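See structure below.
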Amino acid sequence: MERSSARLWRKIRARYNLVGNECQSCKSEYFPPRPICKKCGKKTEMAVKKFAGNGEVYSFTKIRVPPDTFREEAPYYVGVIKLEEGPMVEGHILDDGREIKIGTKVRAAFRRMYVEGDEGLIHYQFKFEPI
Amino acid sequence: MAGIVGYGVHFPIYRIRVEEIAKVWNEDAEAIKNGLNIKEKTVPGRDEDAATIAVEAARRAVRHAGINAKEIGAVYVGSESHPYAVKPTAATVIEAIDAGNNVMAADLEFACKAGTAGVQMAMGLVDSNMVKYGMAIGSDTSQGRPGDALEYTASAGGAAFIIGKEKGKVIADILKTVSYTTDTPDFWRREGASFPSHGGRFTGEPAYFKHITNATKLLLEETGMKPADFTYAIFHQPNGKFPVNVSKQLGFTEKQIEHGLLTPIIGNTYSGASLLGLAATLDVAKAGDRILVTSFGSGAGSDSFAIEVTDSIEAARGRTTKVKDLIGRNKVYIDYATYLKNRDTIKMK
């Protein structure tokens with residue numbers, strides 16, 4: 001798990017606001033952002049694209065044997081969310097007691113992802129909340 | 001003069017009932033419910049803190065105001081549970097609402113009234129044309145020592161208000177604001193302490209009632225208004241009993257305070273409490289309605305505001321979820337053990 005200020009700092013923009021990018025040639029959209037378009041190759045221009053954060057559950061699973069970082073959170077859901085704009089995004093899905101199904105509508109909420117012990121940094125990012 | 005352009009709120013979905021806490025400490029739940037006028041309180045999830053609540057409320061406020069977040073020139077976050085002792089919550093908020101970087105930002109602390117102090121600071125910047133819009137947030141995941149009376153009320157939640165003065169955008173004019181502050185040792189938490197301490201009954205007359213009363217009377221005197229001139233009133237609500245009593249003492253009716261009295265169903269959200277009451281009241285207010293708000297922060301001080309709703313409130317309605325709809329959404333009731341785990345009270349090592 002990250003223990004670096006610089007690595008956290010580089011990802012803040014993407015993690016807080018689902019900021020990916022878009023190929024200016026074929027309009028393919030990506031999250032996380034990619035340096036080159038998968039379809040067009042390296043010569044195309046990639047522009048910043050902020051996604052609204054709304055989508056639906058494409059696939060999900062319940063984690064019962066978590067990594068140490070999330071030991072106290074288990075069991076919890078992670079899934080692949082198909083954003084309204086198209087890209088598929090991996091993320092935690094908040095458990096509010098309702099059944100989560102493929103097709104469940106979600107929105108990106110702002111939550112604490114993990115903390116680096118008692119004295120380290122706090123990592124914030126999106127988690128998907130059933131609407 | 002500056003006014004309110006938009007607002008947004010946020011609560012965790014978790015709740016714990018008075019009965020569940022009273023059971024652990026062999027106390028009479030009915031006596032506590034009647035004595036404090038509270039049924040249940042919000043509890044933050046393990047992944048929520050004052051920063052996440054501030055961000056969720058701020059995002060809703062931007063949507064409600066219908067403005068570009070990059071027009072916000074100042075962000076102040078009031079809380080007594082900032083996640084870091086040194087690293088500003090306000091910086092996380094400006095990044096998460098995409099306000100850009102040319103923003104005055106700072107964290108505030110004045111017990112339960114740091115949110116309204118932020119409103120006053122934003123008003124000053126707007127009225128002096130230093131910023132177009134200023135945002136003030138009150139957000140807390142307040143602490144209560146296990147077994148202490150505070151445990152029945154200390155909850156989590158927050159509200160964000162955007163202040164501006166552009167005609168057509170302002171949904172409520174702030175006609176006047178005053179403050180009353182003294183050095184009163186009613187409630188405190190030392191650096192590094194996990195839980196606050198308080199003076200028991202001393203938190204009542206010399207603290208809450210004295211400051212609320214003095215600030216409200218000063219506001220009425222300076223505006224030439226009387227309680228009957230206001231459609232609604234909101235007083236800080238550390239429990240459900242104090243605001244009812246102080247409103248009666250000042251000459252306000254139960255009908256005037258009913259929409260803004262949220263503590264009986266969500267607990268005391270500390271820096272968020274007065275602003276959440278104002279948000280719930282604005283949800284039902286109509287053009288021409290006057291609203292009086294008086295906050296209270298231990299230590300101690302009160303900020304009092306006279307507000308008048310404008311015609312623009314109708315255009316903004318529906319752009320954000322109403323406070324009482326958010327309170328009533330899918331609630332998850334938890335037991336006392338889960339409550340301790342969520343509040344990180346269980347020591348793992």
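To find a chain, count down the sequence lines: A is the first, B the second, and so on, and within it residues start at 1. Predicted model only: the values in this text are computed from it and were never measured.
Residue-environment remark: CZ (A/Arg13) stays at or below the threshold of 12 foreign heavy atoms within 6.0 Å. Shown here is B/Asn102, whose CG atom has no more than 12 heavy atoms of other residues, nucleotides or ligands within 6.0 Å. A 6.0 Å sphere centred on OH of B/Tyr336 holds more than 12 heavy atoms belonging to other residues, nucleotides or ligands. Within 6.0 Å of CD in B/Glu19 there are more than 12 heavy atoms belonging to other residues, nucleotides or ligands. Taking a 6.0 Å sphere around CG of B/Asp325, one finds it holds more than 12 heavy atoms contributed by other residues, nucleotides or ligands. Counting non-hydrogen atoms of neighbouring residues, nucleotides and ligands closer than 6.0 angstrom, the NZ atom of B/Lys87 exceeds 12 such neighbours.
A/Ile122 and B/Pro83 get closest at one heavy-atom pair: CD1-CB, 3.6 Å. Across all non-hydrogen atoms, the minimal contact from A/Asp95 to B/Tyr14 is O-OH, 3.7 Å.
The pair B/Glu56-A/Arg111 meets the salt-bridge criterion, since a charged nitrogen lies less than 4.0 angstrom from a carboxylate oxygen. With respect to the salt-bridge test (charged N to carboxylate O, under 4.0 angstrom), the residues A/Glu72 and B/Lys341 do not qualify.
In this structure, CZ in A/Phe110 is found 11.0 Å from CG in B/Asp47, a value given to the nearest 0.5 Å. Rounding to the nearest 0.5 angstrom, the gap separating the CD1 atom in B/Ile13 from the CG atom in A/Leu94 is 7.5 Å.
Per-residue counts of heavy-atom pairs under 4.5 Å with chain B were compared for A/Arg98, A/Arg112, A/Lys50; the largest is that of A/Arg112. The candidate with the highest count of non-hydrogen atom pairs below 4.5 Å against chain B, out of A/Arg107, A/Met113, A/His92, is A/Arg107.
With a 4.5 Å cut-off on non-hydrogen atoms, A/Glu129 touches chain B through its side chain but not through its backbone.
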(Q) Assess the residue pair A/Tyr16 and B/Asp98 against the criterion (side-chain contact (heavy atoms from CB on, under 4.5 Å)); give the C-alpha distance rounded to whole Å, side-chain angles, the decisive distance to 0.1 Å, and a yes or no. (A) CA-CA 9 Å; A/Tyr16 284 14; B/Asp98 207 6; over 6 Å; no
